[in-house]
Amino acid sequence: MIPSPRRHRLAAAASLVLLACAAHVHAQSSDPAAPDSPAPIIERSAPPRPATPASPQPAKPPARTAPAKPATAAAAADPAPQPSALSADMFYEILMGELSARSGDPGSGYQYVLDAARRLRDGRLFQRAIEIALQSRSGDAALAAARAWQDTVPNSRDARRFELQILILLNRIGDTTELLRAEIAASPQVERPLLMAVIARNYSRATDKKLAATVVEQALTDELKNPATAGLAWATVGRLRLNAGDNAGALEAARKGQQADPASDAPPALALELIDPGQPLAEPIVTRYLAGNPKASPELRVAYSRVLVENRRYAEASSQLQSLTVARPELAEPWLLLGSLQAQARQDAAAETSLKRYLELASSQPAPAQPEAVDRNRGMTQAYLLLSQLAERRKDLTGAERWLARIDSTDDLTIAQTRRAGLLARQGKLPQARELVRGLPERTPEDKKQKFLAEVQLLRDAKQFQAAYDMLAQASAAAPDDTDLVYDQAMMAEKLDRLDEMERLLRRLMQLKPENQNAYNALGYSFADRKIRLEEARTLIQKAVQLAPEDPFIADSLGWVEFRLGNTAEAIRILEAAYKTRPDPEIGAHFGEVLWSIGQKDRAVTIWKEALLSDADNETLQETLKRLRVKP
């Protein structure tokens, strides 16, 4: 039968008492002088709850190290069980504490349980007292219970850990220095990496983040001086400095950590988070580690490659990933990232090899647990989409559809169907393609917007510029501050040769979003390409360069305007660097034309041939070759 609520509470309370009794009897059968065994490192911001009282787990018996004795011999040899110190009065006191806590009087319940914990020297009861105090939002009472636990059982590491976490919870960071130092000293060397991660996470929650960094540095004084631990310790200090907004201090910590222990991956992992134009000394910490450690952490090299991609340094990212796939060919993820970069750089044959290798490795691995399974499914979907794109580039539309058919994730249905619509449009079936996109589900407003933009892209690819412009104009009228719509409408106006309208829309975009580099670049490039207002064009593009200094397409625009202004040497310098970073057909078209203009025709033709191999249908490339009457 289902017990009444009162009986259920009584049963739960009695269970906790029996649990305490069992734990106490077990403690009595052990060596009373032995210190507590190290408990798992606690990673929560507040002390964890003990096992649910209503369903206690029996204490695990110690493992036997000798063959079991016959029952009669064992009975004769084993000492008689000792009677428990848990008297009837003590049992009643714990029971009253639980009932009081569960009946709306946590103060009385806390006191009953804490008194019992002191008398029995029982860690489970101390934890329960702390839990009752925290549930009633009494941090001071929780701290008192943790300190009483420390006083009663001086060797208990659990007691110290609870006190540490409660002090952090109460933002009494200055009181934790000695406790943290003692906890670090008591931790075995094998636990240190995890302990440092826990310290960084817990102290990052402090209100006074600068004080937290200072306290942790003081507690780690010995570790910072020890070459065996200095790398990890300095990285921990640096992470807390970074959390406090002290980027320069974090960089200094990463540098000191690497000086003390060049083999540690903790300082370069910290330096990765500091790489930006304002911290030029951060990246050398990473590159020194990777160059000096042949067996460097693959995860760190992949992370560095991602940072390079984010900064549009594609060639360097590819170099890092190629090194990793040679050193560790059995790892799947680097092959996917490398294949993506190769596809982006139009290195189609190499990209196909890398992506197929990724699929082979990913599909042969055992099914991972969540959330790793989600990541792998997304990776495989990305590989299928890229392989479909590669097939489409070589005009193998049937092959492109076969790759799309392998995508079976419902989460990626929209992406797959959008790509199928593009394939239909390529076959002259634009109405069917538009219907396919319109039939996609709309679970969120973002889904609706993506469907709209996909249909516009179909019209753009089919050179139905007026229809695309009309759709964008209607949507922009309904959402006049949507900067994506304003930009796309401006680009369609340019296709329709409505240049005044394009300029009006781009200047509106600059007002709505002054940091949008694409608006400045598009308007400046439009002036340069038409050979008008060239000084203004250079000013606009230079503004775009300031906003996105690593973007090779914006660099291409700057090189083009310098060429239009007659600064050929500067144009070659800029365009050559941009083409090296991103060998895109449009950049190649401009670079080749500048070389052609100064008589370097062989080199120009070589670049154009490369560009044609990447994308023979590129409009800028085809227009350039037609105008200059060149047949590479």
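Only this structure's heavy atoms are used, side chains among them; waters, hydrogens and symmetry mates stay out.
The aromatic rings of His590 and Trp560 lie parallel to each other, with less than 30° between the two planes, well short of the 60° mark.
Both tests hold for Arg582 against Tyr314: distance to the six-membered ring centre under 6.0 Å, angle to the ring axis within 45°. By the 6.0 Å and 45° rule, Arg498 stacks over the aromatic ring of Tyr469.
Side-chain N or O atoms of Gln427 include one that pairs as donor or acceptor with a backbone N or O of Leu423 at under 3.5 Å. Here the side chain of Thr325 pairs a donor or acceptor atom with the backbone of Leu321 at under 3.5 angstrom. The main-chain N or O of Pro284 is found under 3.5 Å from a side-chain atom of Thr287 such that the two form a donor-acceptor pair. A side-chain donor-acceptor contact under 3.5 Å links Arg241 to the backbone of Gly249. At least one donor-acceptor pair closer than 3.5 Å links the side chain of Asp447 to the backbone N or O of Thr444. With hydrogens and angles disregarded, a donor-acceptor distance shorter than 3.5 Å links the side chain of Gln258 to the backbone of Ile285. With Thr353 contributing its side chain and Ala349 its backbone, the two residues share a donor-acceptor pair below 3.5 Å. Judged by distance alone, with hydrogens and angles left aside, the side-chain atoms of Arg508 form a donor-acceptor pair with the main-chain N or O of Pro480 at under 3.5 Å. Between the side chain of Ser597 and the backbone N or O of Val594, at least one donor-acceptor pair lies under 3.5 Å. The backbone N or O of Asn243 sits nowhere less than 3.5 Å from a side-chain atom of Lys209 that would complete a donor-acceptor pair.
Between Glu435 and Lys429 there is no salt bridge, since no side-chain nitrogen of the basic residue lies less than 4.0 Å from a carboxylate oxygen of the acidic one. Using a 4.0 Å cut-off between charged side-chain N and carboxylate O, Asp617 and Lys395 make a salt bridge. Salt bridge status for Arg393 with Asp615: absent, with no side-chain N to carboxylate O gap under 4.0 Å.
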Under 3.5 Å, sequence neighbours excluded: what are the donor-acceptor pairs made by side chains of residues 298-307?
unit_1, atom_1, unit_2, atom_2, d
Glu299, OE1, Ser297, OG, 3.1
Arg301, NH1, Gln320, OE1, 2.7
Tyr304, OH, Glu283, OE2, 2.4
Ser305, OG, Arg301, O, 2.9
Arg306, NH2, Glu333, OE2, 2.4

| request: In sequence, state the C-alpha distance, the side-chain angles, and the governing distance for Leu386 and Trp403, and then conclude on side-chain contact (heavy atoms from CB on, under 4.5 Å). | output: CA-CA 9 Å; Leu386 286 168; Trp403 285 115; over 6 Å; no
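Residues Arg460 and Gln457 bring a donor and an acceptor atom of their side chains to less than 3.5 Å of each other. A side-chain donor-acceptor contact under 3.5 Å links Gln450 and Glu446.
In this structure, the side-chain contact (heavy atoms from CB on, under 4.5 Å) partners of Ala197, at least two apart in sequence or on a different chain, are Arg201. Residues passing the side chain to side chain donor-acceptor pair (under 3.5 Å) test with Glu562 are Arg538, Asn567, sequence neighbours excluded. The ring pair (Phe, Tyr, Trp, His ring centres under 6.0 Å) search around Trp335 returns none, not counting sequence neighbours. Here Ser264 pairs with Asp261, Ala266, Pro267 under the side-chain contact (heavy atoms from CB on, under 4.5 Å) rule; sequence neighbours left out.
The neighbour count for Gln474 CD, taken as heavy atoms of other residues, nucleotides or ligands under 6.0 Å away, does not exceed 12. Remark: Lys449 NZ is packed, more than 12 non-hydrogen atoms of other residues, nucleotides or ligands lying under 6.0 Å away.
Screening residues 467-476 for salt bridge (charged side-chain N to carboxylate O under 4.0 Å, His left out) gives no qualifying pairs among residues at least two apart or on separate chains.
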